[in-house]
Amino acid sequence: AQTVTQSQPEMSVQEAETVTLSCTYDTSESDYYLFWYKQPPSRQMILVIRQEAYKQQNATENRFSVNFQKAAKSFSLKISDSQLGDAAMYFCAYRKSGGSNYKLTFGKGTLLTVNP
Amino acid sequence: KAGVTQTPRYLIKTRGQQVTLSCSPISGHRSVSWYQQTPGQGLQFLFEYFSETQRNKGNFPGRFSGRQFSNSRSEMNVSTLELGDSALYLCASSLAPGITYEQFFGPGTRLTVL
């Protein structure tokens, strides 16, 4: 079974600074997708960024980028120029490509606080 | 385009009762998945529906059930509620079940079992 581990329950960052959230996963699959979702307090979860495992190039979305290390099964999220609106719970998630079950497997989350 | 809507947003029930939660996907989306979010277990997959058929089910007891209607709206039902069923229940919709289709989440239904 696939597992996703986020070892940092909480992180904090100063506004305008850079922060990196860690995620490791375990799978025997070779083709899969990885995601970072953001869940602001009392608001719905939204997709921040996704990475296809077959792509070597790390995904980037504006201030958000990932460091995908397939051999190490590591998938960290870097947030540059942090803003107050980035404060949220961040979830790392895995979804396999093959078969018929496309469920998301989530980590336990990292609560990010942004200090002004 | 309206997002995923879930009703009700908050619900309080007592042990032994049953509850039905509703999810309306984004217009045109035909796949609906349900997740349970608790502080202890995190986010766990409940089930997925596509074209009124349950395609996949997570590791939850039979007290948890669901269905999907012809307009893609979905409901989930929990019978004989237990204290441990207190959670945020999230619904996510996508165009279809495939891996390339992004899942869009609703705001959730907060269920409290007393």
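Computed over heavy atoms, backbone and side chain alike; hydrogens, waters and symmetry mates excluded. Chain letters run A, B, ... following the sequence lines, proteins first, then strands; residues in each count from 1.
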Handout entry: Aromatic contact, B:Phe105 with A:Tyr37 (centres under 6.0 Å)
Key = yes
Fill in the blank from the handout: Honestly, the part of B:Gln41 sitting under 4.5 Å from a heavy atom of chain A is backbone
Exercise for the section: Count the heavy-atom pairs under 4.5 Å between each of B:Ser31, B:Ser94, B:Gly106, B:Gly58 and chain A, then report the option with the highest count. Expected result: B:Gly106
Practice task
Let me know if B:Phe47 has heavy atoms under 4.5 Å from chain A in its side chain, its backbone, both or neither.
Solution key: neither
Handout entry: B:Val78 with B:Leu21, same ILVMFWY side-chain cluster at under 4.5 Å
Key = yes
Exercise for the section: Let me know if A:Lys108 has heavy atoms under 4.5 Å from chain B in its side chain, its backbone, both or neither. Expected result: side chain
Practice task
Give a yes or no on whether B:Tyr101 atom OH has more than 12 heavy-atom contacts from other residues, nucleotides or ligands under 6.0 Å away.
Solution key: no
Completion exercise
The reported gap from CE in A:Met45 to OH in B:Tyr35 (rounded to nearest 0.5 angstrom) is 8.0 Å
Practice task
Enter the distance from B:Glu102:CD to A:Arg95:CZ here, rounded to the nearest 0.5 Å.
Solution key: 9.5 Å
Fill in the blank from the handout: CG of A:Leu104 to CD of B:Gln44, rounded to nearest 0.5 Å, is 13.5 Å
Exercise for the section: Check whether more than 12 heavy atoms from other residues, nucleotides or ligands sit under 6.0 Å from atom CZ of B:Arg9, and answer yes or no. Expected result: yes
Practice task
Please look at A:Phe91 and chain B and tell me whether the side chain, the backbone, both or neither of the residue comes under 4.5 angstrom of a heavy atom of that chain.
Solution key: side chain
Problem - A:Lys78, NZ: over 12 other non-hydrogen atoms inside 6.0 angstrom - result: no
Practice task
Determine whether A:Val19 and A:Phe64 fall in the same hydrophobic cluster, where Ile, Leu, Val, Met, Phe, Trp and Tyr are linked whenever their side-chain heavy atoms lie under 4.5 Å apart.
Solution key: yes
Exercise for the section: Establish whether A:Phe35 and A:Leu111 are linked, either directly or via other cluster members, by ILVMFWY side-chain heavy-atom contacts under 4.5 Å. Expected result: yes
Handout entry: A:Gln39 CD to B:Gln37 CD distance, which is reported to the nearest 0.5 Å
Key = 4.0 Å
Handout entry: Flag if over 12 foreign heavy atoms under 6.0 Å of CZ, A:Arg63
Key = yes
